[in-house]
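My structure is below; once you've seen it, I'll send some questions.
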Protein chains: 2
Amino acid sequence: MRLSTKGRYAVTAMLDLAIHHGEGAVTLADISEAQGISLSYLEQLFARLRKNGLVEGIRGPGGGYQLSRPPTEISVAHVIDAIGEGVDVTLCGGKTDCQEGERCLTHELWQQLGGRIHEFLEGITLDSFLKRKNVNAVVRRQQNDLAVETPRLRKTVA
Amino acid sequence: MRLSTKGRYAVTAMLDLAIHHGEGAVTLADISEAQGISLSYLEQLFARLRKNGLVEGIRGPGGGYQLSRPPTEISVAHVIDAIGEGVDVTLCGGKTDCQEGERCLTHELWQQLGGRIHEFLEGITLDSFLKRKNVNAVVRRQQNDLAVETPRLRKTVA
DNA sequence: TATTTCCTGACTATTTTACTTGGTTATTAT
DNA sequence: ATAATAACCAAGTAAAATAGTCAGGAAATA
Ligand code: FES
Ligand code: FES
């Protein structure tokens, strides 16, 4: 009962964007360094996020990505869905046909579970999540790490 | 956001066992046929289920498997846990160390989600699930399928 | 003793995930 | 202009997980 980790990366990256919302664009290179995700992998994820209207890409120097809506209006479910998988917990993919064209014994169970997971994720916005105490501590730690590592700071770290 | 499907097979097989609870042992060959799961794969799954005390194996002719507790006392969560993965939704596996030894941004999110999933599955017993209307319809369909296919019926199908 | 069925371990194919490579375009700064 | 920056794009690859096979044993029954 593992959950696929692709969505995890997307959510992490989106949170990084949310942290710097209103401060101009953030480059994928920055996110890659701060969150420890491969740059090219991020590019693939952001292609999806962009096509689903969650982020805007800005090319050229000084460019990067930024949220296309305020972080109060983007839920974790939005991000997961944009990545392309939805929350598909059934084997049949909602078609009710995985046992020789007919509904299998457990279809209803997984369908319900999928619904629950989605509801849960819908209830959490990027903004509300970042305001949690534990999460905020991580944000501050990452900013300190960056300040130590790089002589030229990210413009957003005061 | 797919869920691993290994647990799905285990739950399906356990439901088959629950259907025939109190009617003697059911062979893996029967389950394999009724639910469309490979026999050798079932054997691997049942090794786990047995080690975790959910089922009892009986060897020799007339043998098979049966639940070691009544289906009212086995939850779907029990089955999933026995299969060995637990409901591990975090990347770090609960160690809070997936970003260079420290807690990553999203740890709390996945940990909470995992908790919700587990609670949901704890609340569903094999017995209660089989009593649902939709599910019961599938059970009856499978019994009819069997009756048509095999001249010598499963002893449990009257 | 022959058959049935569980039981075990190792091995293989397939799929998914995570990542790389090698580019191209658009934008800005010099 | 031209050089630097950074998004964009299309493949291809490496590693891991999943799903399944194979070949044989060991206990129980008839
Ligand atoms: S999971 Fe939908 S029919 Fe089996
Ligand atoms: S998921 Fe636990 S620290 Fe990242």
Side-chain angles (χ1 to χ4, degrees), chain A residues 1-13 17 24-33 35-52 54-68 80 83-86 88-89 91 93 98 152 154-155, chain B residues 1-13 17 24-33 35-52 54-68 80 83-86 88-89 91 93 98 152 154-155:
Chain A
M1 182 104 338
R2 260 189 59 243
L3 263 90
S4 89
T5 154
K6 201 192 288 185
R8 244 193 302 259
Y9 283 94
V11 173
T12 305
L17 245 53
V26 179
T27 70
L28 291 188
D30 280 346
I31 297 178
S32 170
E33 194 180 351
Q35 308 301 335
I37 309 171
S38 133
L39 177 59
S40 316
Y41 200 38
L42 277 175
E43 285 180 339
Q44 289 173 34
L45 297 176
F46 272 79
R48 298 279 185 125
L49 295 173
R50 192 168 47 83
K51 275 169 195 154
N52 283 78
L54 290 178
V55 298
E56 280 168 11
I58 300 162
R59 300 210 221 189
Y65 279 98
Q66 59 192 21
L67 300 180
S68 46
I80 299 287
I83 279 307
E85 318 161 272
D88 185 12
V89 188
L91 180 61
C98 83
R152 255 186 80 203
R154 240 186 189 181
K155 45 181 178 294
Chain B
M1 181 107 335
R2 263 187 57 242
L3 262 90
S4 89
T5 153
K6 200 190 290 185
R8 244 193 302 259
Y9 285 94
V11 173
T12 305
L17 244 54
V26 179
T27 71
L28 290 188
D30 281 347
I31 298 178
S32 171
E33 193 179 351
Q35 308 301 336
I37 307 172
S38 135
L39 177 59
S40 315
Y41 200 37
L42 276 175
E43 284 179 341
Q44 289 175 35
L45 297 177
F46 272 80
R48 299 277 186 128
L49 296 172
R50 192 170 47 81
K51 275 169 197 158
N52 283 77
L54 289 178
V55 299
E56 279 169 12
I58 299 161
R59 302 206 220 194
Y65 279 99
Q66 59 192 21
L67 300 180
S68 45
I80 298 286
I83 280 308
E85 318 162 271
D88 185 13
V89 187
L91 180 61
C98 84
R152 252 186 81 203
R154 236 184 192 184
K155 45 183 176 305

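In what follows, chains are A, B, ... by sequence order, proteins preceding strands, each numbered from 1.
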CG of A:Leu45 versus P of D:dC8: gap in Å, rounded?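 Result: 14 Å.
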Once you apply a heavy-atom cut-off of 4.0 Å, does A:Phe46 come out as touching a base, just sugar-phosphate, or nothing?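 Counting heavy atoms under 4.0 Å across all strands, no contact is made by A:Phe46.
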Whole-Å distance separating the CG atom of A:Leu28 from the P atom of D:dC8: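 Distance check: A:Leu28 CG to D:dC8 P gives 8 Å.
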So, does B:Arg50 get its side chain near the phosphate of C:dC7, meaning an N or O under 4.0 Å from OP1 or OP2?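 Checking B:Arg50 against C:dC7: at least one side-chain N or O falls below 4.0 Å of OP1 or OP2.
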Quick one: pull up CG in A:Leu39 and CG in A:Asp30 and give me the separation to the nearest 0.5 Å.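 Separation between the atoms: 10.5 Å.
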State which residues pass side chain to side chain contact (heavy atoms under 4.5 Å, CB included) with A:Leu45; sequence neighbours excluded, sorted by chain then number.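 Once residues adjacent in sequence are excluded, the partners of A:Leu45 under the side chain to side chain contact (heavy atoms under 4.5 Å, CB included) criterion are A:Lys6, A:Tyr9, A:Ile83.
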May I ask you to test the A:Tyr65-A:Leu42 pair for a side-chain heavy-atom distance under 4.5 Å?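 No, every pair of side-chain atoms sits at 4.5 Å or beyond.
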Map B:Leu91 and B:Glu56 onto DNA chain C by nearest heavy atom, then report which one ends up closer to the 5' terminus.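 On the 5' side of the pair lies B:Glu56.
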Can you check the B:Ile31 CD1 to C:dT5 C1' distance for me, whole Å?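 For the pair B:Ile31 CD1 and C:dT5 C1', the rounded distance is 13 Å.
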At how many degrees, to 10°, do the end axes of the helix from C:dT1-D:dA30 to C:dT30-D:dA1 meet when each uses five pairs?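 One end axis against the other gives 10°.
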Quick one: side chain to side chain contact (heavy atoms under 4.5 Å, CB included) partners of B:Gln66, sequence neighbours excluded?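 Expected list: B:Ala25, B:Glu56, B:Ile58.
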Please identify each residue that fulfils side chain to side chain contact (heavy atoms under 4.5 Å, CB included) with A:Ser38, with sequence neighbours left out.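 Listed in chain order: A:Ser40, A:Tyr41.
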Let me have a per-nucleotide readout for nucleotides 20-30 of chain D, 5' to 3', with B, S or -, counting only protein heavy atoms under 4.0 Å. BBB---BSBB-
Between P of D:dA16 and NZ of A:Lys6, the distance in whole Å: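 The answer, rounded to whole Å, is 18 Å.
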Using a cut-off of less than 4.0 Å, is there contact between a side-chain N or O of B:Tyr65 and OP1 or OP2 of C:dC7?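 Affirmative; the distance criterion is met.
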Please list, chain by chain and in numerical order, all residues satisfying side chain to side chain contact (heavy atoms under 4.5 Å, CB included) with B:Leu91, sequence neighbours excluded.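 Listed in chain order: A:Thr5, A:Arg8, B:Cys98.
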In whole angstrom, what separates B:Gln66's CD from C:dT5's P?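 Taking atom P of C:dT5 as the reference, CD of B:Gln66 is at 15 Å.
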Report the distance from atom CG of A:Leu42 to atom C1' of D:dC9, rounded to the nearest whole Å.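 Whole-Å distance recorded here is 16 Å.
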